[in-house]
Amino acid sequence: MLAISLLTPPYATLSYATPAWLDASAWKCGQRVIVPLGKGGMLRAGIVVSVDDDSSVKEGVVLKECLWPAEREPLLRPEYLGMVKQLALRHMVTEGEVLGGLLPAGLRTSKIRLRILDGGKPRTVSMRDLAGMSAEERSRVGALWAGNAVEILDSTFDAEEQELCTLLVDPPWSVRPSAKRQIEVLEYLHDKGMLSRTRLLQELGSGISAALNTLAERGLVRIGPREGGTCESCEDESNECSFDFGEGFTLLPEQQVAFDDFSALLHDETPKSALLYGITGSGKTVVYLELAAEALAKGLSVMLLAPEVALACKLDSAVRKRFPSQECFFYNGYQSPTEREKTFRLLAKRTTPCVIVGTRSALFLPSPRLGLIVLDEEHDTSFKQDEGLVYQAKEVAHYRVQQSNGLLLLGSATPDVKTFHAVQQQAVSMGVMKERAGEGKLPEVSLLNIKNMKRSDGILAAECKKQIRETVERGEQVVILLNRRGYAPLMYCLDCGHVARCPHCEVGLTYHKGRERLICHYCGYSVSYPVVCSKCKGLHYLPMGEGTEKLEENLIEILPPDTKILRLDRDSTRRPGKMQRILDAFANQEAQVLVGTQMLSKGHHFPNVTLAVVADGDLGLNLPDYRAAERTFQLLVQASGRAGRGEKAGRVLIQTRDPGHYCWQFVGSADYDGFYAEEIERRRKRKYPPFVKLALIRASYPLDWNKGMEWVETLTEVARALGKEHDVRVLGHTPSPLPVLRGRKRFQWTLKSDDWISIRTLYYAMRNAVPRGSKLRLSLDIDPVNML
DNA sequence: AGCACGCCGACT
DNA sequence: GTCGGCGTGCTC
């Protein structure tokens with residue numbers, strides 16, 4: 001009998017009998033199969049996780065027969081299934097949930113068809129048809145299958161690919177305000193990016209069909225197959241590093257030392273982890289590439305991962321230049337399902353070594369013999385996925401190199417405190433690079449105390465505005481970091497003082513002037529502005545605070561009239577390739593000022609930038625998160641790294657209301673070692689990771705469910721009682737930092753322990769205390785990266 | 001997630 | 001009497 005993990009709900013692993021219509025040898029571990037489920041005989045896709053499953057099935061359950069394989073050769077290798085099992089155990093979810101979370105959509109569907117070629121004209125049979133056949137008929141198809149006269153058609157969404165809806169114009173859009181349907185479609189596409197027509201109709205209702213056609217006619221939306229090459233954001237390569245990649249490099253002395261050390265680890269036939277600690281601009285990429293060359297020469301595959309698509313693109317073009325004849329696979333979460341499926345399939349079949357470049361999701365690509373995994377900017381929190389399938393890319397990467405005796409190389413200028421601690425404990429080896437590779441020098445950093453500034457003064461101090469203006473007048477460029485997108489984060493009603501809030505999340509709605517809407521940054525809810533005040537029915541609001549959009553507007557007033565300003569945030573980069581275009585335009589000096597959120601601090605290279613301004617340095621410092629200081633330090637050092645990359649010296653100006661904070665003394669000199677020494681002592685004293693294992697258990701229930709609070713209290717009792725027994729400190733329950741999100745009330749418990757097992761035991765007990773199918777949802781976040 | 005089952009209220 | 005509301009529970 002076969003044990004099969006379902007790839008869609010209920011995600012269980014169920015036993016199925018091998019049917020008479022196919023030979024038992026047709027079923028293999030790691031293979032995708034189609035199985036019937038439930039009384040209605042619905043069909044599901046699953047992965048065979050065991051072929052001679054002898055696990056006891058509950059008494060009285062009659063086994064169903066597995067219907068058909070979705071492929072002849074298994075998609076997944078045994079090691080891959082091993083990784084899935086580990087992840088499932090670690091995060092206390094089923095293997096089906098793991099598989100469902102990491103396979104591209106097309107590989108999870110049961111809607112495949114068979115093409116039968118028995119002599120005459122070929123006929124096509126769906127899985128549903130097959131399920132409805134008589135036993136004899138199915139056996140006949142089985143015999144043809146065994147004789148290779150049946151092929152699998154899985155082109156279900158090729159049709160969808162032909163009708164992709166792409167937004168062509170940024171807001172504000174020139175449509176009548178009364179055309180609600182059209183605005184709905186535009187807003188939706190703006191939020192979700194490119195979507196197939198079918199999905200759009202599914203998600204917004206088929207009533208929008210006419211509106212969509214109008215938009216297409218008027219040229220606001222394009223309906224058709226995707227245009228151009230494989231990666232739209234990679235089309236233009238002008239923002240890449242100024243290094244001249246070619247047939248191998250001459251390494252600088254520091255790079256050579258680091259390379260030699262890592263190369264020795266690579267040739268050592270045991271799994272190893274290492275950290276490349278190199279300041280911003282020290283040329284880490286060169287070291288990665290030379291190591292990749294070593295691994296390839298040994299016949300091993302290489303994975304290079306970056307925290308974000310734009311950075312992954314840069315890595316990709318660097319790899320293609322360094323290894324022009326080597327096959328290189330690029331993969332990220334923003335690619336279309338078809339594209340991702342294609343890459344996944346190619347790699348699953350592949351046996352010869354290759355290079356894989358991408359973002360964290362690329363980590364789950366099947367790959368032949370992995371010799372090296374590089375995680376660039378390893379401190380970046382995007383390497384942890386905390387929605388849906390929860391995983392920390394660093395851990396998965398570690399597991400993967402463990403399996404293949406490879407090397408995991410983490411690179412950063414500001415390493416994760418946990419990683420650096422592992423280096424100190426000699427669990428991870430380290431290479432250090434403290435010189436900038438080019439002519440650039442580290443910038444001079446100064447703090448600007450804005451404690452006494454009034455709200456009406458705007459967000460930039462006079463001194464700051466002056467420096468921005470002077471820099472622009474000198475013909476140099478400025479980047480301004482403000483971690484708040486939109487126009488104004490709070491809208492006060494002028495008549496009654498009420499603040500406009502999201503009805504699902506209870507957080508303030510952010511005003512976006514360009515779109516004339518109030519938007520919730522947590523759930524995406526949006527209403528058109530002006531909106532009637534829910535308290536006094538007034539229509540007049542006072543925007544409070546300042547986001548990137550307003551900062552951009554204010555800057556226009558204080559700068560010379562012909563100054564061009566660009567804005568880089570989630571709103572201006574929704575459309576594919578847009579981010580790259582903005583970065584390229586800025587790198588080509590088409591604008592003098594770039595305003596943006598943290599996404600602009602990440603590893604981009606602008607030689608003519610001589611001033612970096614951090615508009616609100618404290619933002620984030622006071623978050624209820626033990627890593628707030630680490631996060632702020634990393635962000636600011638990375639942002640500082642944007643200035644002075646060319647020949648001219650750079651300056652960094654940080655505005656703060658709390659100049660006494662210990663973080664600042666180290667940011668000024670980009671002194672990571674100093675910061676680390678201070679931070680690790682604080683963590684030791686206060687018992688925070690890496691000195692304890694920390695986990696967050698989250699509970700949520702619908703706002704209108706009155707039994708919710710009772711259950712939360714019961715769970716606290718369960719947790720407390722078990723915590724005493726297993727030596728786990730239980731803090732909570734406390735309302736989550738966002739007490740209401742997407743219409744659900746949220747609570748959380750913080751758990752501290754010396755080992756993960758006790759924490760899992762507690763979570764297991766809490767989960768069992770809640771009846772199955774309850775409205776209360778529980779989730780476990782191991783080593784959370786954000787406490788929200 | 002679906003889909004059946006089942007236990008109450010409004011209707012022919 | 002019966003139709004149908006959706007709350008609860010199961011899927012090898």
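Just so we're on the same page: letters track the sequence lines, and every chain starts at 1. Worth knowing before you read on, the calculation uses all heavy atoms, side chains too, and leaves out hydrogens, waters and symmetry mates.
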Please list, chain by chain and in numerical order, all residues satisfying side-chain contact (heavy atoms from CB on, under 4.5 Å) with [X], sequence neighbours excluded.
{"X": "Ser134(A)", "value": "Glu136(A), Glu137(A)"}
{"X": "Thr714(A)", "value": "Trp711(A)"}
{"X": "His398(A)", "value": "Ser273(A), Gln402(A), Leu408(A)"}

Under 4.0 Å, heavy atom to any atom of DNA chain B: which of residues 28-52 of chain A qualify? Met42(A), Arg44(A)

Inter- and intrachain pairs under ring-ring contact (aromatic ring centres under 6.0 Å, His included), touching residues 128-152 of chain A, at least two apart: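 Qualifying pairs, neighbours excluded: Trp68(A)-Trp145(A).
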
List the residues meeting salt bridge (charged side-chain N to carboxylate O under 4.0 Å, His left out) with [X], not counting sequence neighbours, and say none if there are none.
{"X": "Arg32(A)", "value": "Glu71(A)"}
{"X": "Arg485(A)", "value": "Asp571(A)"}
{"X": "Arg720(A)", "value": "none"}

Contact list (N/O, under 3.5 angstrom) for nucleotides 6-8 of chain C vs protein:
none

Taken in chain and number order and not counting sequence neighbours, the residues that satisfy side chain to side chain donor-acceptor pair (under 3.5 Å) with Lys745(A) are none

My understanding is that only residues two or more places apart in sequence, or in another chain, count here; which of them pass side chain to side chain donor-acceptor pair (under 3.5 Å) with Tyr763(A)? none

What is the 5' to 3' range of DNA chain B, first to last nucleotide, that sits under 4.0 Å from any heavy atom of chain A? dA1(B) to dC3(B)

